[in-house]
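Here is the naming used below: chain letters follow the sequence lines, and residue numbers restart at 1 for every chain.
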Amino acid sequence: MVLTGVCSLHIQPPLPAIPNVKNTNIETVRTDLLHNFNTPFELKQIHSYIIKTNNNEKYSILPLNRVASVCALSCDFDYAQSIIQRVSPSHYDEIVIWNSCLKTFAEGDNPIHALLLFSQLSHYDIRPDTFTFSFVLKACSLLSHLVTGSLVHALVEKLGFQSDLFLQNTILHMYASCGLTHVAQRFFDKMPRRDVVSWNIIITHLTKQDQIQLAHALFDQMPKRSVRSWTAMIAGYVQCGRPKEAIRLFTLMEEAGEKPNEVTVVALLAACADLGALDLGRRVHEYLNKCGFGKNVRVCNTLIDMYIKCGCLEIAQKVFAGMEERTIVSWSAMIGGLAMHGQGEEALKLFSSMSRIGIRPNGITFIGLLHACSHMGLINEGRRFFNSMTRDYGIIPQIEHYGCMVDLLSRSGLLQEAHEFIKNMPIKANGVVWGALLGGCKVHKNVELAEEAIKHLLVLDPLNDGYYVVLSNIYADAGRWEDAARVRKLMRDQGVKKTPGWSSISVDGSVHEFVAGDAAHPQAEEIYEKWQQLLKQLKLRGYVPDTKVVLLDMEEDKKEHVLYRHSEKLAVVFGLMNTPPGTPIRIMKNLRVCEDCHAALKLISEINNRDIIVRDRNRFHCFKDGSCSCREYW
DNA sequence: TTAGGGTTAG
């Protein structure tokens, strides 16, 4: 077996009696051990004193499991074991102390220690109980240690514990954690008795395996549901990119009279963030303040993320400022959020504050920093961060970091350097990396390198319509219409269709979604009428329709007609018509904003004295007084 | 002294 011979069992010599341990009253000593002493050193002092008195009767009433588990927690493995060994069955239930240490290890930073300790149990004439197995199986789950987990399962059956429901659930969880879906499902099917925990384990596992439909089918069959059952399904829908279903399920949960807890709230806020559903997000915020969940770090982190992704950077900053405790997730979310909103300088300042107080960044913090540099064109700063992450923090750059670097170099026009950078990468470039180079080629009109990038992209990500569109745009921009047509034909031949663009806006809690040329909206006629009025004002201020963004083969005036019906324009006009003057208009878009809409929205913000906040696929554009927060850099 | 869920990027 893998676990033998690692731990040495020996009794450590008792520590010398400490002068300040003078109290010989055993009850006081017990109280001290239970409540007043917390460090292994203090506990050892008392323990050694008891050993010195050599009074086994006294020993018998001491909470040795606490002493042992505190020592175990600080990785004083030998001392913990010496306590275990010292206990004699007549005076203390030995297995309780073993279990106590196993629990401490299983729940600590190194669950492998629980397995090592368990392997030593076979050297003694002590029978493990259900608690013993539950802790060991927990460690197996955390470590995804299938070999040991299966052996423990066999041992559970051999010793006749197989009918214990607690253990059955723990075994089920172990198989699920080890990724054995079929084994877990078979085990679940054969369970003679199941409770709500059994159902929750299998449902959660299926959602994590992207088997959301199967999970929902089981959820529907559950004889009884708990908050955790609802939460598992809601979180599952968010994880598999179906936030609308998550919110729908939450409504059903409320109707069923179930109260959400912190975890439900986190899942719900994540769904709001994905959808840009600010109204619901705000209501959840009010709710969690009422429930007292507002101090929970994870809840606050998700709240920050929700406000950032709904375009409310200032509220996110307020939540961040009000947090009593912050983790690296809080800092990274805020740094990434500032970058996304075009406030790169603030992102870098926040990183400095974080470093000053000794918080260590992680890989995701650096993605935020590199984005910030990219959006501001801070090439040297970006290079410095990229080098620093490994040199100063031991963080190995992942493909995402390389993607950020290529983006940074390409956007700044250092296309050859970006290309060299890709060629020298220690890991194989993916579609995102080559796509970043292609994006830079579009901005800086480099047809040759664009063709090089597309060569790789057609292999790596042939069904992604975005790359064909960009290349076709590059050709059109260079006046190479035949090549542009060739790309469109290639797209058709490959069966690649352009993802239809949509924009949405939330008014009075209802989400209105628009596609290009939308005629289905009840206010469609008024929207187009209002647009025609607005167009006159735009043209007076110098707006010229940028028809090159239209890839279709058609006459100029028809292209203009297409442009005027882009979904973000329709959504903004709808917003102007249906929200009070002076209030911000928030738009969500599934693709990137096109150049023409970008130019138009800048002028619309000025003409109507409105802030227009657009979240596109990559970042935020905040149009205000005729300019955009992205500073034309997107 | 035992079982199940959550955050930043993409």
Counting only side-chain heavy atoms from C-beta out, which of [options] sits nearest to [X]?
X	options	result
S134(A)	dA3(B), dG6(B), dT2(B)	dT2(B)
V96(A)	dT8(B), dT1(B), dG6(B)	dT1(B)
I367(A)	dG10(B), dG6(B), dT8(B)	dG10(B)
S332(A)	dT8(B), dA3(B), dT2(B)	dT8(B)
D129(A)	dT1(B), dG5(B), dT8(B)	dT1(B)
N362(A)	dG6(B), dT8(B), dA9(B)	dT8(B)
T231(A)	dT7(B), dG5(B), dA9(B)	dG5(B)
K103(A)	dA3(B), dA9(B), dT2(B)	dT2(B)
V329(A)	dA3(B), dT1(B), dT7(B)	dT7(B)
N296(A)	dA3(B), dT8(B), dG6(B)	dG6(B)

Rounding to an integer number of Å, can you tell me how far [X] [atom1] sits from [N] [atom2]?
X	N	atom1	atom2	value
I203(A)	dG5(B)	CD1	C1'	12 Å
I396(A)	dA9(B)	CD1	C1'	18 Å
L268(A)	dT7(B)	CG	P	13 Å
L142(A)	dA3(B)	CG	C1'	12 Å
M334(A)	dT8(B)	CE	P	14 Å
F131(A)	dA3(B)	CZ	P	10 Å
N169(A)	dT2(B)	CG	C1'	11 Å
L369(A)	dA9(B)	CG	P	13 Å

Counting distance only, does the side-chain N/O of Y175(A) pair as donor-acceptor with the main-chain N or O of L146(A) below 3.5 Å? no
Kindly say whether N99(A) contributes a backbone atom to a donor-acceptor pair with the side chain of T132(A) at under 3.5 angstrom? no
Any idea which heavy atoms bring A139(A) and A114(A) closest together, and the distance? CB-CB, 3.9 Å
How close do A271(A) and I247(A) get, heavy atom to heavy atom, and via which atoms? CB-CG1, 4.0 Å
Is [X] touching bases, backbone alone, or none of the nucleic acid, heavy atoms closer than 4.0 Å?
X	answer
D164(A)	nothing
V196(A)	base
I364(A)	base
V265(A)	nothing
T302(A)	sugar-phosphate
E262(A)	base
N99(A)	base
S226(A)	base

Set of residues satisfying side-chain contact (heavy atoms from CB on, under 4.5 Å) with respect to M253(A), sequence neighbours excluded: V227(A), W230(A), I234(A), F250(A), E258(A), P260(A), T264(A)
Are any of [X]'s side-chain N or O atoms less than 4.0 Å away from OP1 or OP2 of [N]?
X	N	answer
K309(A)	dG10(B)	no
H401(A)	dG10(B)	no
H205(A)	dA3(B)	no

Tell me the salt bridge (charged side-chain N to carboxylate O under 4.0 Å, His left out) pairs involving residues 127-142 of chain A, sequence neighbours left out? E107(A)-K138(A)
Any side-chain donor-acceptor pair under 3.5 Å between N590(A) and D616(A)? no
Spell out yes or no: do the side chain of N261(A) and the base of dG5(B) have one donor N/O and one acceptor N/O closer than 3.5 Å? yes
